[in-house]
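Owing to the predicted nature of the structure, the values given are computational and were not obtained by experimental measurement.
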Amino acid sequence: MNRRPPSHVLASGYAQAPRGTCLAERWGSVGVVLEIDPATHTIVDAEFMLNTELARRFCRERVVGYCLAEGVEPLLREMARSLAIPSQQAFIMAVRSAVQRYWERVSPRNRVPSITAG
């Protein structure tokens, strides 16, 4: 059995899928689940609600290894640059939401100030 370190945090975020997309038809929303090591604030694993394995793997590779202590904006810019999919903005919102939830969980006083709406 694959055992995760007990200190890791699982954070998820969701956003409405754009109308007329396969994601909207299948799930109604898009979702992101991030496994984060709070000792380093590094994303160690991730899952994206997408219809193809290629898309899931592509998105996962963009976020795994990223250190959230550097702020979420560089990660979101990379996603905006590399994802040319109809649900791009929904996934960016979902990642932003998951990261915000992570910071609230680990410690409100350690919250990175670059997590803002926008």
Side-chain angles (χ1 to χ4, degrees):
M1 176 162 63
N2 186 7
R3 308 235 350 135
R4 300 282 192 214
S7 62
H8 284 191
V9 174
L10 200 63
S12 64
Y14 299 88
Q16 187 68 42
R19 277 187 238 183
T21 63
C22 293
L23 291 172
E25 297 296 320
R26 187 170 181 185
W27 291 303
S29 62
V30 299
V32 175
V33 181
L34 305 175
E35 179 184 353
I36 304 163
D37 179 351
T40 62
H41 306 298
T42 301
I43 299 171
V44 296
D45 205 355
E47 284 192 21
F48 289 78
M49 288 172 54
L50 284 158
N51 291 322
T52 68
E53 179 58 36
L54 174 61
R56 287 188 295 272
R57 186 176 63 246
F58 186 87
C59 288
R60 181 182 181 279
E61 289 170 354
R62 296 288 152 310
V63 301
V64 170
Y66 185 79
C67 178
L68 295 173
E70 297 176 20
V72 72
E73 295 306 323
L75 177 61
L76 300 181
R77 281 194 297 274
E78 167 60 18
M79 290 181 69
R81 185 196 66 73
S82 62
L83 295 178
I85 58 177
S87 53
Q88 176 203 63
Q89 288 302 309
F91 275 106
I92 288 171
M93 289 174 55
V95 168
R96 184 185 302 278
S97 175
V99 170
Q100 175 120 16
R101 186 167 285 123
Y102 165 72
W103 284 117
E104 290 169 355
R105 174 64 179 213
V106 294
S107 176
R109 67 183 175 276
N110 290 337
R111 193 175 196 186
V112 172
S114 66
I115 301 176
T116 58

Checklist outcome for this item: Nearest heavy-atom approach of Ala15 to Ala90 is CB-O, 3.3 Å
Next on the checklist: Check this for me: Met93, atom CE, are more than 12 non-hydrogen atoms of other residues, nucleotides or ligands nearer than 6.0 Å?
Outcome noted: no
Checklist entry - Are Tyr66 and Val44 grouped together when hydrophobic residues (ILVMFWY) are joined by side-chain heavy atoms under 4.5 angstrom apart? => result no
Next on the checklist: Can you confirm whether Glu47 is buried at CD, in the sense that more than 12 heavy atoms of other residues, nucleotides or ligands lie under 6.0 Å from that atom?
Outcome noted: no
Checklist entry - Taking C-beta and beyond as the side chain, do Arg57 and Arg60 meet within less than 4.5 Å on heavy atoms? => result no
Checklist outcome for this item: In this structure, CG of Leu50 is separated from CZ of Phe91 (nearest 0.5 Å) by 3.5 Å
Checklist entry - Of the non-hydrogen atoms in Ala46 and Val64, which two are nearest, and what is the gap between them? => result N-CG2, 4.0 Å
Item to check | Pairwise distance OG(Ser87) to CD1(Ile92) - rounded to 0.5 angstrom | outcome: 10.0 Å
Checklist outcome for this item: So CD1 of Ile43 and CG of Asp37: to nearest 0.5 Å the spacing works out to 11.5 Å
Checklist entry - Any chain of hydrophobic side-chain contacts (each under 4.5 Å) joining Val63 to Val32? => result yes
Item to check | Whether Trp103 and His41 hold their rings parallel, tilted or perpendicular, with breakpoints at 30° and 60° | outcome: tilted
Checklist entry - Roughly how far, to the nearest 0.5 Å, is OH of Tyr102 from CG of Leu68? => result 6.5 Å
Checklist entry - About how many Å separate CD of Glu73 and CZ of Arg96, when rounded to the nearest 0.5 Å? => result 4.5 Å
Checklist entry - Do you know which two heavy atoms are closest between Ser7 and Pro38, and how far apart they sit? => result O-CG, 2.9 Å
Next on the checklist: Please find the pair of heavy atoms, one from Asn51 and one from Arg56, that lie closest to each other, and give the distance.
Outcome noted: C-NH1, 3.6 Å
Checklist outcome for this item: Smallest heavy-atom separation, Ser97 atom then Gly13 atom, equals OG-CA, 3.8 Å
Checklist entry - If you measure from CD on Glu78 to CG on Leu83, what distance do you get to the nearest 0.5 Å? => result 8.0 Å
